[in-house]
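Written out below as structure tokens is the structure these notes cover.
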2 protein chains.
Amino acid sequence: MAQKNNLKYIILGLLSERSLTGYDITKAFASDIGEFWSANHSQIYPLLIKMEANGLISHEIIVTGAKLEKKLYSLTQTGTIEFKTWLQSPTPELSASKDEFILKLYFIENSTDPLLPEMLAEQLMLHHNKLVHLQSQMTNKFENTDRKQAQFGHFLILQHAIERETAYESWLQQTINNLGD
Amino acid sequence: MAQKNNLKYIILGLLSERSLTGYDITKAFASDIGEFWSANHSQIYPLLIKMEANGLISHEIIVTGAKLEKKLYSLTQTGTIEFKTWLQSPTPELSASKDEFILKLYFIENSTDPLLPEMLAEQLMLHHNKLVHLQSQMTNKFENTDRKQAQFGHFLILQHAIERETAYESWLQQTINNLGD
DNA sequence: TTATTACATGTAATTATTTACATGTTTTAG
DNA sequence: CTAAAACATGTAAATAATTACATGTAATAA
């Protein structure tokens, strides 16, 4: 999907909080941000180089141990402005949520299709696991109210993700139950 | 996103119902399937050629009017098998739903951020419109129970999409309400 | 009859994304 | 001490997807 370079804005946003290496940014997609966006290091490193060439970020070399060189990236003034401009711009498009299971379900014509029970059970397990994971994230990150204040947006989207997965799970469960009729 | 060639399976699935032209397939993404997947004709036409080269589909020329040639594509036996194999295969990955608004929200740190009310209101409008649209789709397509039987999967995913948008809208509304405290 | 819209099919260029290839350092656990 | 895991940074190749370019026909509404 050729999107509107959203990855660039994620990187700008992460760097607006503090300076980071490419590795740190990659790790962010394995935890926090990974809940609602994905990116690989092979996409991140070249983009960092490009963004630096475009004057959005700059780096300094940090040496760890004897000789391991890290590039610590920071926002430039231009980058800060570009990030704020993006945040303030409208988001008028609702992208289709590409869910392969939903795709398969579309092609199931009959409620008596023998594939259905297994398909639904598999997804129920996946979404249940996801829900449990999100709930533990919520507990870990926002058990004290201070952080809920300091990372309000993050709190909101976690809350939203939990509600989304709850609804998904409940729809699957209902559908499974109704198959028995 | 380099996915697992899901578009190929959508095309196989559509052709498993009846023979279609590339234009028909393109149109499907503007209505039914467009609710939960997107594709452009510039992606579809080359893929049809490739799929035919791979023996999954074949075409015959139909002439409309004086000389307008259409290519009517049909599934081959190989294509039918490949489609059924896909339908029966597990779907063990939950892809991150790439939602630009959620991304922006992640970077809103404070509940008093002056951008918040406008952002939430914009999304509320978008999701409300989407919900209304989905509900009218549901009414149009499944007002009589026969079609609910004949296109059970389609009915289910529409129902799911409606529940998802309802939950999305209600989360946005709740959040807007809570900002007033 | 004529202009607009819908039908119909492609290619080119660019951007986005994934998977695989490639290399080396530092820390930690056994 | 040594092996494994984590840290750290890249490139290459392939696939997926969007936007723009390009052309022509048929149906319909004014």
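Below, chains carry the letters A, B, ... as their sequence lines are ordered, and counting in each starts from 1. Keep in mind that what you see is a predicted model, and the values were worked out from it rather than measured.
Using a 4.0 Å cut-off, some side-chain N or O of B:S38 falls inside it from OP1 or OP2 of D:dT18. Side-chain nitrogen and oxygen atoms of B:K70 include none within less than 4.0 Å of the OP1 or OP2 phosphate oxygen of D:dA26. When the side-chain nitrogen and oxygen atoms of A:K8 are compared with OP1 and OP2 of C:dT15, none of them lie within a distance under 4.0 Å. Applying the 4.0 Å criterion to OP1 and OP2 of C:dT18, one finds that A:N40 has a side-chain N or O inside that range. Between A:K98 and the phosphate of D:dA17, there is a side-chain N or O to OP1/OP2 separation shorter than 4.0 Å.
Between A:I44 atom CD1 and C:dT18 atom P there is a gap of 10 Å when expressed in whole angstrom units. Rounded to an integer number of Å, the gap from A:K27 NZ to D:dA5 C1' is 13 Å. Taking atom OH of A:Y23 as the reference point, atom C1' of C:dT25 lies 12 Å away to the nearest angstrom. Remark: P of C:dC7 and CD1 of B:I25 are 15 Å apart, rounded to the nearest angstrom. The NZ-C1' distance, from B:K71 to C:dC7, rounds to 16 Å in whole Å. C:dT9 atom P lies 10 Å from atom CD1 of B:I49, rounded to whole Å. Rounded to an integer number of Å, the gap from CG of A:D24 to C1' of D:dC7 is 10 Å. One interatomic measurement links the two molecules: CE of A:M51 to P of C:dA16, which rounds to 12 Å at whole-angstrom precision.
Nearest-nucleotide mapping onto DNA chain C: of A:A39 and B:E69, the residue sitting toward the 5' end is B:E69. Residue B:K50 is the one, among B:H41 and B:K50, whose nearest nucleotide of DNA chain D lies closer to the 5' end (criterion: closest heavy atom).
Counting only heavy atoms from C-beta on, A:T64 has its side chain closest to C:dT27 among D:dA16, C:dT27, D:dG10. Nearest to the side-chain atoms of B:A66 among the listed nucleotides D:dA26, D:dG10, C:dT9 stands D:dA26. Comparing atom distances between the A:Q43 side chain and each of D:dA6, C:dT17, D:dA26 picks out C:dT17 as nearest. Minimum atom distance to the side chain of B:L68 is reached by D:dT25, of the listed D:dA8, D:dT25, D:dA20.
Judged by distance alone, the side chains of A:T112 and A:N110 do bring a donor and an acceptor atom under 3.5 Å apart.
Between the side chain of A:S42 and the base of C:dT19, at least one donor-acceptor pair of N or O atoms lies under 3.5 Å.
Under the 6.0 Å cut-off for aromatic ring centres, A:H41 and A:F29 do not qualify, their centroids lying 6.0 Å or more apart.
Ring geometry, B:F155 versus B:F142: the interplanar angle exceeds 60°, so the pair is classed perpendicular (tilted spans 30 to 60°). Ring geometry for B:F83 against A:F107 counts as perpendicular: the plane angle is over 60°, on a 0 to 90° scale with 30° as the lower cut.
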Q) Which is it for A:K8 and A:E82 under the salt bridge (charged side-chain N to carboxylate O under 4.0 Å, His left out) test, yes or no, and what are the steps along the way? A) CA-CA 10 Å; A:K8 178 173 84 175; A:E82 180 130 342; 2.7 Å; yes
